[in-house]
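Right, one structure below, let's go through it.
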There are 2 protein chains.
Amino acid sequence: MARRTGRRPGNPGTREAILDAARAAFADRGFDAASIRAIAAAAGVDPALVHHYFGSKDQLFLAAMEAPVDPRELLPGVLAGDPDAIGQRLVRTFLTVWDSPASAAGVALLRSAVSNEWTARLLREFVVTQVLRRVLDHLDVDPAELPLRGSLVATQLIGLAMMRYVIRLEPVASTAPETLVATVGPTVQRYLTAPLPALRDGAA
Amino acid sequence: MARRTGRRPGNPGTREAILDAARAAFADRGFDAASIRAIAAAAGVDPALVHHYFGSKDQLFLAAMEAPVDPRELLPGVLAGDPDAIGQRLVRTFLTVWDSPASAAGVALLRSAVSNEWTARLLREFVVTQVLRRVLDHLDVDPAELPLRGSLVATQLIGLAMMRYVIRLEPVASTAPETLVATVGPTVQRYLTAPLPALRDGAA
DNA sequence: GTCTATATGCAGATAGAC
DNA sequence: GTCTATCTGCATATAGAC
């Protein structure tokens, strides 16, 4: 009575199978376009089961986004060491995470945030409060400049993620990580710490 | 018998009204989520009329994207002048276009490209063949480096557009254009012309 | 726990009356 | 040119049988 990979007779990994399929579907099509029916089909379960386990599509999305990566574990490695190379270490860590299987959650969040306001809020809050604020707090620059510096870093890193993992523009989609560390690392470093004279009008 | 703004009794600007409503809807919700029915309602016409004029949703999107801005008119101003300030002029021109009403088409294309493969192709082709290639052809750098240089510029500019016009992350969403010219201009300049030693493995 | 059946709604597209 | 009516399909969600 050997059981195959796709199907689940009992209840063993059903929940996990649904979550995996959901992450893949959300990453592939974004929140709105990913359907519970397709997720259920990919997981080899009935669509009604998805509702049974997670209640609604929103809650399924939240569950699928949870615990892919905790910035609090990664950021100490970024912040420690030569302060003039924080940008390169940040880009290297960023690419390591996004080049791993954990990237599905990131791509899903990014894809969804573009067409869906409440997922956009999730993205903003993650980027700002979980990542940027923690990095910026360790810098020795004028606090009034921090919001703009953080925004600029976000434009470069999210742009990199968009082009490399979502739009898949070549050659940046296939470029070796260290090449990107060497090229966009200095950009991030400049946004974080370089003097920004024409700054004061920048606040919202 | 004065006619109000919203409604159209005869056939005068019906087509244009539909196109305006379509641009706004596609910019607001992206290709997939924008519905012909909602576009028709916004334009004050019957949904069947939209099909009558444009045939299909795809063709409507193409018509709405057409002729917002022609890079061939703008790029000479970017390329002329000090070669060390091409990055700043490119960013300035970029922001001028995106801060104008013409940005609706850009936002629509960007929003749509994220969830929809054929609009992503449109975006890639526009960025690469209409903009980047024309800029890169005027640079005096190793031709083998051009694809990666172009990709890097795209990550920064598209990231900027995403954060400023789509995700609307503050403060970059409200920052004065000249502040951004002064801060991200040098980044673009570096990607275009600075020596990139660790480059050769970058080709797809 | 799992699945069938269904309620409800909105999508794109088309035929044909006026 | 414009609109009514309808076809077809897929979505989320729920009730309830087994």
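Here is how names work: the chains are called A, B, and so on, in the same order as the sequence lines, proteins then strands, and each is numbered from 1. In what follows, every heavy atom counts, from backbone to side chain, and hydrogens, waters and symmetry copies are set aside.
- Considering only side-chain N and O atoms, B/S35 lies nowhere under 4.0 angstrom from the phosphate OP1 or OP2 of C/dC10.
- The distance from atom CZ of B/F54 to atom P of C/dA13 is 13 Å, rounded to the nearest whole Å.
- Between the C1' atom of C/dC3 and the NE2 atom of A/H51 lies a distance of 14 Å, rounded to the nearest Å.
- When the salt bridge (Lys or Arg N to Asp or Glu O under 4.0 Å) test is applied to B/D99, the partners found at least two apart in sequence or on another chain are B/R164.
- In this structure, the NZ atom of A/K57 is 12 Å from the C1' atom of D/dC10, given to the nearest Å.
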Test side-chain hydrogen bond (donor to acceptor under 3.5 Å, both in side chains) applied to A/Q156 and B/T155, step by step: CA-CA 7 Å; A/Q156 177 60 88; B/T155 66; 3.1 Å; yes
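- Across all strands shown, A/A34 has heavy atoms under 4.0 Å from sugar-phosphate atoms exclusively, and none from any base.
- Nearest nucleotide to the B/R37 side chain, out of C/dA13, D/dG1, C/dT2: C/dA13.
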Stepwise salt bridge (charged side-chain N to carboxylate O under 4.0 Å, His left out) check, B/E117 with B/R124: CA-CA 10 Å; B/E117 184 48 36; B/R124 273 192 297 260; 2.8 Å; yes
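- The nucleotide whose nearest atom lies closest to any side-chain atom of B/I36 is, among C/dA13, D/dA11, D/dT4, C/dA13.
- The CG atom of B/L95 sits 9.5 Å away from the CG atom of B/L90 when rounded to the nearest 0.5 Å.
- Per the geometry, CG belonging to B/L49 stands 7 Å off C1' belonging to D/dG1, to the nearest Å.
- For the pair A/Y53 and C/dT2, the criterion of a side-chain N or O lying under 4.0 Å from OP1 or OP2 is met.
- Side-chain proximity of B/D46 to the nucleotides C/dG12, D/dC3, C/dA13 is greatest for D/dC3.
- When each of A/R29 and A/A48 is assigned the nucleotide of DNA chain D bearing its nearest heavy atom, the one mapping closer to the 5' terminus is A/R29.
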